[in-house]
Amino acid sequence: MSAEAARDMTDTVRYRLAGDLVLRPAAGHVQVYMADGTYAEAGQWLLALAGELTDPEGFTQQDFLSVARELRHVPTNAWDILCACGIIRPSLLDGTPDSQPPKFPWTSMGWGMAQLLHEATVNTEFVQDDVDGWKQTAQVGSSLAAVGSGPPVTRDVDAFAQDVIDLKDPPTDRPNTDFFDVLINRRTRRTFNPSTRLTEQNLLTLLHFSARAHGSLRNPFFGDHILRTSPSGGARHPVEIYPQILRVDGFPQGNYHYDPVEHRLRRLGHTSNALLRQLGQNQSGCRNVPLAFIITARFSRNLWKYRYAKSFLFTYLDVGHFVQTLILCCQAVGLKTFLTPALNVKVAQQHLHLEDIYDECATYLVCAG
């Protein structure tokens, strides 16, 4: 290739800093972590460069060199160093057939961080459960087993529990409702009658058919698993359910945690309609409800086994699976529902005695009545 052709290429091919970078300043250098498990170190100059190279369409090599020259302490071979480490990669605008610019300008629409996550996880490789896949599972499982059995199936709330209620099985006379009618008739509602009370059977039925463990598995590498009516990747079920009981016959008003294995409620404290309105950021569908469910994503339950960035997305998908099952159960017993992910997370975390959003985080609120 001629020198002139090479110069043309550096002016047309665009690059960007890897979207899955985590930069952590340390003494005299920067630690660089990437979602594929690779790790590198660079000088403090990388922080200054990263702050300048923020064009959502990427930058050319000439752009990079121009910025580098204006900054202090950037080595002359910085481009080669960062390319070799995978910190600089061809942009989505590099012209290859499978790399097209986004049709919608994610960054200008406020989705800049989401775009980085999407690019970091969209091409995650999946290992089939054939011989090689099982071999890899055994290898990973053995290494995990060496450091413990991982997070338990459900959260231990004994330190906060004030009362324990062992639940009965729901009555055998189930609603005679056609499944397809349930699907067609389901709608989100935003008004509830402040005088409505739910029956004990309502709550027992909802918990039994949407949240209860109906089977269990024991894996020698990955520990205990439960089986629910909603699907979950690897049967991890990284979802916790906190019923907020206000007007349900037979149950004291309160903030509860549901144990799907023991089919048991543990009361964690008080709840109120005012608190639910605050949790739901004063949305109309959070007013006057007799029953609500705060649903959390328990990231540690998935992260411990699936150690790549896309498992973060799978955790949220599992929350969605559960929410869909719950609201269809509500429809089947004649209850209307309002649901929202627009929570005041800080208030929810305090209410549920949760301290670490990286372990477990309030994600969804479902109101029923």
For this session: Spell out, as yes or no, whether a donor-acceptor pair under 3.5 Å connects the side chain of T60 to the backbone of D63.
Result: yes

Problem set entry | Hydrophobic cluster identity match, V248 and L167, side-chain contacts under 4.5 Å | yes

Problem set entry | For T177 against A332, the heavy-atom pair lying closest together | OG1-O, 3.2 Å

Exercise. Is the shortest side-chain N to carboxylate O distance from R155 to E240 below 4.0 Å?
Worked result: no

Exercise. How about S300 and D359: does a side-chain donor come under 3.5 Å of a side-chain acceptor?
Worked result: yes

Seminar exercise, completed: Going by chain and number, the hydrophobic cluster around V153 (ILVMFWY, side chain to side chain under 4.5 Å) further includes I226, V261

Exercise. Within a strict 4.5 Å, meaning less than it, do heavy atoms of the I245 and L203 side chains meet?
Worked result: yes

For this session: Taking the side chain as every heavy atom from C-beta outward, state whether S230 and S210 have any pair of such atoms under 4.5 Å apart.
Result: no

Problem set entry | Test item: T196 side-chain N/O and F192 main-chain N/O as donor-acceptor pair under 3.5 Å | no

Problem set entry | Sidechain N-carboxylate O distance under 4.0 Å for D163, R266 | no

For this session: Ignoring hydrogens and angles, tell me if any N or O in the side chain of T229 forms a donor-acceptor pair with the backbone of F209 under 3.5 Å.
Result: yes

Problem set entry | Audit row: Q278, L275, side chain to side chain contact (heavy atoms under 4.5 Å, CB included) steps and yes/no | CA-CA 5 Å; Q278 189 179 9; L275 177 68; 4.1 Å; yes

Exercise. Can you find a heavy atom in the side chain of P252 that is under 4.5 Å from one in the side chain of I165?
Worked result: yes

Exercise. Taking N185 for the side chain and D181 for the main chain, is one N or O donor matched with an acceptor at less than 3.5 Å?
Worked result: yes

Seminar exercise, completed: Sorted by chain and residue number, the salt bridge (Lys or Arg N to Asp or Glu O under 4.0 Å) partners of D318 (sequence neighbours excluded) come out as none

Exercise. Are I327 and L276 joined in one hydrophobic group, where the rule is that I, L, V, M, F, W and Y side chains link up if heavy atoms are under 4.5 Å apart?
Worked result: no

For this session: Given side chain to side chain contact (heavy atoms under 4.5 Å, CB included), test H257 with T154 step by step and report yes or no.
Result: CA-CA 10 Å; H257 172 264; T154 192; 3.5 Å; yes

Seminar exercise, completed: Sequence neighbours excluded, the answer for ring pair (Phe, Tyr, Trp, His ring centres under 6.0 Å) partners of F299 is F312, Y316

Exercise. What are the two closest non-hydrogen atoms of N302 and S311, and how far apart are they?
Worked result: ND2-O, 3.8 Å

Exercise. Do the non-hydrogen side-chain atoms of R247 and N273 ever get within less than 4.5 Å of each other?
Worked result: yes

For this session: Quick one: which residue pairs count as a salt bridge (Lys or Arg N to Asp or Glu O under 4.0 Å) with a foot in residues 196-208, not counting sequence neighbours?
Result: K168-E200, R197-D249

For this session: Could you tell me whether the side chain of K336 and the main chain of T191 form a donor-acceptor pair under 3.5 Å?
Result: yes

For this session: Look at the side-chain heavy atoms of Ile, Leu, Val, Met, Phe, Trp and Tyr, link any pair under 4.5 Å apart, and say whether Y258 and Y242 land in one connected group.
Result: no

Exercise. Are the side chain of Q283 and the backbone N or O of G280 linked by a donor-acceptor pair below 3.5 Å?
Worked result: yes

Problem set entry | Within-4.5 Å side-chain heavy-atom neighbours: V366 and V323 | yes

Taking only distance into account, with no hydrogens and no angle test, what donor-acceptor pairs under 3.5 Å do side-chain atoms of residues 347-354 form with protein atoms, sequence neighbours excluded?
| from | atom 1 | to | atom 2 | distance (Å) |
| --- | --- | --- | --- | --- |
| Q349 | OE1 | A362 | N | 2.8 |
| Q349 | NE2 | E360 | O | 3.1 |
| H351 | NE2 | Q244 | OE1 | 2.8 |
| H351 | NE2 | N255 | ND2 | 3.4 |
| H353 | NE2 | L268 | O | 3.4 |

Exercise. Is a side-chain N or O of Q253 found less than 3.5 angstrom from the main chain of T271, in a donor-acceptor match?
Worked result: yes

Exercise. In chain order, what residues pass the salt bridge (Lys or Arg N to Asp or Glu O under 4.0 Å) check against D166, with sequence neighbours excluded?
Worked result: R264

Exercise. Is there a side-chain contact between V67 and L49 (heavy atoms, below 4.5 Å)?
Worked result: yes

Exercise. In the single-linkage hydrophobic clustering (I, L, V, M, F, W, Y; side-chain heavy atoms under 4.5 Å), do L343 and F338 co-cluster?
Worked result: yes

Exercise. Looking at I295, I294, T296, which one forms a side chain to side chain contact (heavy atoms under 4.5 Å, CB included) with Y364?
Worked result: I295

Problem set entry | Flag, side chain of S66 to backbone of Q62, donor-acceptor distance under 3.5 Å | no

For this session: Please tell me if the side chains of T337 and T188 come closer than 4.5 Å, counting only heavy atoms from C-beta onward.
Result: no

Problem set entry | Exercise: identify the closest heavy-atom pair between Y306 and G234 | OH-CA, 3.3 Å

Problem set entry | F160 reachable from Y256 in the ILVMFWY side-chain graph, under 4.5 Å edges | no

Exercise. If we ignore angles and hydrogens, is there a donor and acceptor under 3.5 Å between the side chains of R186 and Q331?
Worked result: no

Problem set entry | Exam field: side chain R298 to backbone V239, donor-acceptor pair closer than 3.5 Å | no

Seminar exercise, completed: CZ (R189) and CG (L339) are apart, to the nearest 0.5 Å, by 12.0 Å

Exercise. Between CG of L335 and CG of L206, what distance do you get to the nearest 0.5 Å?
Worked result: 6.0 Å

Problem set entry | R301 side chain vs P151 backbone, donor-acceptor pair below 3.5 Å | yes

For this session: Please say whether more than 12 non-hydrogen atoms of neighbouring residues, nucleotides or ligands are located less than 6.0 Å from CD1 in I184.
Result: no

Exercise. Hey, do the aromatic rings of H208 and H214 have their centres closer than 6.0 Å?
Worked result: yes

Seminar exercise, completed: All heavy atoms of A368 vs all of V289, minimum pair found to be O-CB, 4.4 Å

